[in-house]
Amino acid sequence: MATVVPLAEAVGNLVHDGDSVAMEGFTHLIPYAAGHEIIRQGHRGLTLIRMTPDLIYDQLIGMGCARRLVFSWGGNPGVGSLHRFRDAVQNHWPAPLEIEEHSHAGIANAYVAGASGLPFAVLRGYRGTDLPSRTPNIRPITCPFTGEELTAVPAINPDVAIVHAQRADRRGNVQLWGITGVQKEAVLAARRSLVTVEEIVEELEPRPGAVVLPEWAITHVSEAPLGSHPSYSAGYTVRDNDFYQAWDGIARDRDTFLAWMDENVLDRKAAR
Amino acid sequence: MATVVPLAEAVGNLVHDGDSVAMEGFTHLIPYAAGHEIIRQGHRGLTLIRMTPDLIYDQLIGMGCARRLVFSWGGNPGVGSLHRFRDAVQNHWPAPLEIEEHSHAGIANAYVAGASGLPFAVLRGYRGTDLPSRTPNIRPITCPFTGEELTAVPAINPDVAIVHAQRADRRGNVQLWGITGVQKEAVLAARRSLVTVEEIVEELEPRPGAVVLPEWAITHVSEAPLGSHPSYSAGYTVRDNDFYQAWDGIARDRDTFLAWMDENVLDRKAAR
Amino acid sequence: MTVSPSASSASTASSGADAYTADEMMTVAAARRLRSGSCFVGIGLPSVAANLARRTHAPDLVLIYESGTIGAKPGRPPLSIGDGELAETADAVVSVPEIFNYWLQPGRIGVGFLGAAQIDRFANINTTVIGPYDDPKVRLPGAGGAPEIAASCREVTVIVRQSPRTFVERVDFVTSVGFGSGPGDRERLGLRGSGPRTVITDLGVLEPDPATCELVLTHLHPGVTLDRVRAATGWDLTVAPGLRETEPPTARELAALRALTGGRG
Amino acid sequence: MTVSPSASSASTASSGADAYTADEMMTVAAARRLRSGSCFVGIGLPSVAANLARRTHAPDLVLIYESGTIGAKPGRPPLSIGDGELAETADAVVSVPEIFNYWLQPGRIGVGFLGAAQIDRFANINTTVIGPYDDPKVRLPGAGGAPEIAASCREVTVIVRQSPRTFVERVDFVTSVGFGSGPGDRERLGLRGSGPRTVITDLGVLEPDPATCELVLTHLHPGVTLDRVRAATGWDLTVAPGLRETEPPTARELAALRALTGGRG
């Protein structure tokens, strides 16, 4: 049921103001090209969901696309803070940002519940931390057999999930490999989904460690070569660690940030 | 932490009378050689756990090893009944057999809970069926967010899990591929584990669709070439469909069955 | 194409150019219910019917087996749900927990195909036990994937040979829920799929009445009499107002079916 | 091997043949705590220390990153927990839900290695926020994998530079539980791991008193005075009866560390 369409069209079809949008990719395969297209299309009021917000959410937040952020770790990995995220939380710039804060285990399980058609997930998590006092979506649950108290989180079922993968075939079957994170869960949990890919090929040759998402479980596939930069697509590109470090300087200041976005995102067209 | 030892030694170390033993392999990679070794060692009072009991459990039950069976589908796939299983349930021969009966989804999730260190699993399952009235280990659970009623099953944590795989390296890292069933979950849920393999190799070359179980998560690895016959090991052997059909005739009659076991299992030594 | 003479019983082949058995009629009728989309396939007749559909009118039908193979394209119907060819020809192979949790449970799969040892007027299915549970007359294989297939597939098709022993007023054990004890039960139980839409037998086709949820006869296979169906049904069978005759198998359907089964079945 | 002159602060390198910085001392001391077994590694100093252990005394140490790589053998410490080399060199790569559910949660992993923005007397850790949650002075990255690493690893090692701002009487936010408010809290909360066994700083080593669960100073790094540690601690620090001096880094340790970091840190 997947249809292969240009990126701008895919984002236009799938993302609407006010939607909840999950863009996943655990360090690897982060869908930057799609995120930039959302910024260009000027969407507002989004609930952004992502385990590790990373630079792409720093950009979306800094450009005022987000009303709410559901996350578990909002930093620039190995570098430091996400300055736009901090500025939004600490100073409400460019707009107030509501946050719903979890642990990695909590969000990962919330996606699993979403993908599984269950209303909640159970884990050994959060107990004794201050997170449940700040995140009402973390509740105790009692084992009906042992009486032990554990923790429940509600399923995440985003309006749209967006992930990046290495390849798709012409029918829209998708193949990704390397660190595959929670991408399968995010796509299966979502009402609609977009997978951007490095390339579209005639046939998906089997590969060690590859996850295949069948086309009938995806809404749109778009070709977006280099679409995960400055993250990477194993087998196609390498992580641009220098950019991650440079971002600290770019994002620290509002004007520098806006100028960079203007030049590097708003002026550019979607890949195709 | 895995040690590579001969099959008879591995079974001797790991399986004791009265243990709960899960031997998994969903049609593919069924650990027949290990099952035969359990029969030769004459273990009694076992709780046997397995989604699809298959011929190997028919043999263990018929030889009087089992006191209890936890299962979800007890048939000869594509052929018909398991006559030894039926004889035990209907006529208590050679001994009464307690049963705890589930659906596939229920047992699969009970293993997932066991592998995850959780006391129970939640699923949309069993509702409206007569299974909960016969299996006390199926209970309702209420979603703490939506109030919806779902079903809980307790974790399965067998004393011993036994699975068959294609290969291991000398350190005991295991690789299996093709239909991988619930083998990973069974091994991770168990207190002790044995993996029999078609061969031990110098290096585990990555393969499409392969699951790797690291050696530190396994207790023993034993070489058992052809150890899944009449099931199969993709890439090594093919399923002996004729044997599955012949079993119907062998197992239908108690004496024919005993004679066959005598000749084909009791007289044989473990592979090494 | 000539209309074939009818099959008169499950075990008797009819004669003539397009002769076919009652089992063949049943399998062809079942295959016809499958359009494109996805199908969760049990072993045996359901697997043959699903593979037949894929080779005739529904080449894009996605076959999903509980062993974890998604989009399998077996050359012949497998003997077991875990045959090697299923994995080799699949678009994706996933673990057994994943196939139930990520694929079946959320209601992603269009049609669930089930067999039955007993089926009752509300299309509840028994594959567990004949007679009392604690002292069974016949111990059957049990539930397998069926309870959750019946609960979660968007709709269910049942294939079963019709006789008074299988078509009973009340099943001895509810392994898989059809419509429970009538209208509203599925909703009350939180079952998300719409339940059995079609029961295909060697004699005809039954469908649930939308108002009462009771299975009523909607089609007779060619040459089968209403009396014969009534005699093979353990409850007072209602006949749908517009009772029709099933189209007999076409030569193409029969050829494809026989190529699949090697003449068996 | 000559005992090196001591490092006098985190940022000042000492001079001499085996000169080393306070951060190097900290990293080496942390690496030494890791024996064979498995280690759940966070990014930054924990990753450097774990990789150092693997290259010196613990070649069989299994490194597990939350990105899903089990048994990764990176050539250099990765900048992120998802660097490509982690997957390429791993024994197995699994999904993120699996790494947390099947590997971390059941208590399979020996040592969890954590950093901290604040740590208190009962080894509770804050990486969420400095100041009030709703009006933060500094918004930090948040929890990541830490709450469940702290709960489920068989034991936890914390690496953190010591200052009155980080070593506080009470953390502003409990992101990860050490010993809660004292003895019995972990058991009461159902946390299965034994909690922080060691807190390694640039000044020394602290360990929980078995009776009170309070962090007490057990080691001073060479050249560090007790007064300096007290001044860097935001509570009235207890000193263990047998306070010892940490063995300085060996030449082999330093060489391996510098090869890993390329001279950084």
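Lettering of chains follows the sequences in order, A, B, ..., and the numbering in each one begins at 1. None of these values were measured; they are calculated from a predicted model.
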(request) For residues P136(D) and V89(A), report the shortest heavy-atom separation together with the two atoms involved. (result) CG-CG1, 3.9 Å
(request) Would you indicate whether the side-chain heavy atoms of Y133(D) and I99(A) approach each other to under 4.5 Å? (result) yes
(message) If you define the side chain from C-beta out and look only at heavy atoms, does anything of E24(A) sit under 4.5 Å from V96(D)?
(response) no
(message) So that I can tick it off, tell me whether E101(A) and R139(D) are bridged by a salt bridge, with the cut-off set at under 4.0 angstrom between side-chain N and carboxylate O.
(response) yes
(message) Taking the side chain as everything from C-beta on, heavy atoms only, tell me whether L123(A) gets closer than 4.5 Å to E148(D).
(response) yes
(request) Measure distances from Q245(A) to the heavy atoms of chain D and classify the residue's part below 4.5 Å as side chain, backbone, both or neither. (result) side chain
(request) Examine whether an atom of L104(D) lies under 4.5 Å from a heavy atom of chain A, and if so say whether it belongs to the side chain, the backbone or both; otherwise answer neither. (result) neither
(message) Please report the interatomic distance OG1(T128(D)) to CG(L131(A)), rounded to the nearest 0.5 Å.
(response) 5.5 Å
(request) Measure distances from V138(D) to the heavy atoms of chain A and classify the residue's part below 4.5 Å as side chain, backbone, both or neither. (result) both
(request) Would you mind checking which part of N109(A) comes under 4.5 Å of any heavy atom in chain D, side chain (CB onward), backbone (N, CA, C, O), both or neither? (result) side chain
(request) Drop me the distance from T129(A)'s OG1 to I125(D)'s CD1, to the nearest 0.5 angstrom. (result) 12.5 Å
(request) Under 4.5 Å heavy-atom distance to chain D, tell me which part of R239(A) shows up: side chain, backbone, both or neither. (result) side chain
(message) Between G75(A), S103(A), G80(A), who has the most heavy-atom pairs with chain D when the cutoff is under 4.5 Å?
(response) S103(A)
(message) For chain D, which candidate among G181(A), G125(A), A108(A), G78(A) shows the most heavy-atom pairs at distances under 4.5 Å?
(response) G181(A)
(request) Return the minimal non-hydrogen interatomic distance between L140(D) and F85(A), and the atom names on each side. (result) O-CE2, 4.2 Å
(request) Could you check which of Y232(A), Y111(A), F71(A) has the highest count of heavy-atom pairs closer than 4.5 Å to chain D? (result) Y232(A)
(request) For residues W73(A) and G142(D), report the shortest heavy-atom separation together with the two atoms involved. (result) CD1-O, 3.8 Å
(message) Can you tell me which of A87(D), P147(D), P97(D) forms the most heavy-atom pairs within a distance under 4.5 Å of chain A?
(response) P97(D)
(message) Pair R127(A), V177(D) - check side-chain contact (heavy atoms from CB on, under 4.5 Å), show working.
(response) CA-CA 8 Å; R127(A) 306 252 313 157; V177(D) 177; over 6 Å; no
(message) Taking CD in E205(A) as the centre, count heavy atoms belonging to other residues, nucleotides or ligands within less than 6.0 Å. Is the count above 12?
(response) no
(request) Could you tell me the separation between the OG1 atom of T175(D) and the OH atom of Y126(A), rounded to the nearest 0.5 Å? (result) 12.0 Å
(message) Just so I understand: if I count every heavy-atom pair under 4.5 Å between each of V182(A), D130(A), V238(A) and chain D, which residue has the most?
(response) D130(A)
(message) With rounding to the nearest 0.5 angstrom, report the CZ to CG distance, R124(A) to L189(D).
(response) 12.5 Å
(request) Let me know if N101(D) has heavy atoms under 4.5 Å from chain A in its side chain, its backbone, both or neither. (result) side chain
(request) Determine the option with the most heavy-atom pairs under 4.5 angstrom with chain A, choosing from A146(D), A143(D), A150(D), G144(D). (result) G144(D)
(request) Under 4.5 Å, counting heavy-atom pairs only, tell me which of K137(D), R186(D), R188(D), E88(D) racks up the most with chain A. (result) K137(D)
(message) Between A234(A) and chain D, with a heavy-atom cut-off of 4.5 Å, which part of the residue counts as in contact: side chain, backbone, both or neither?
(response) neither
(request) Could you grab the distance from atom OG of S95(D) to atom CD of E185(A), nearest 0.5 Å is fine? (result) 5.0 Å
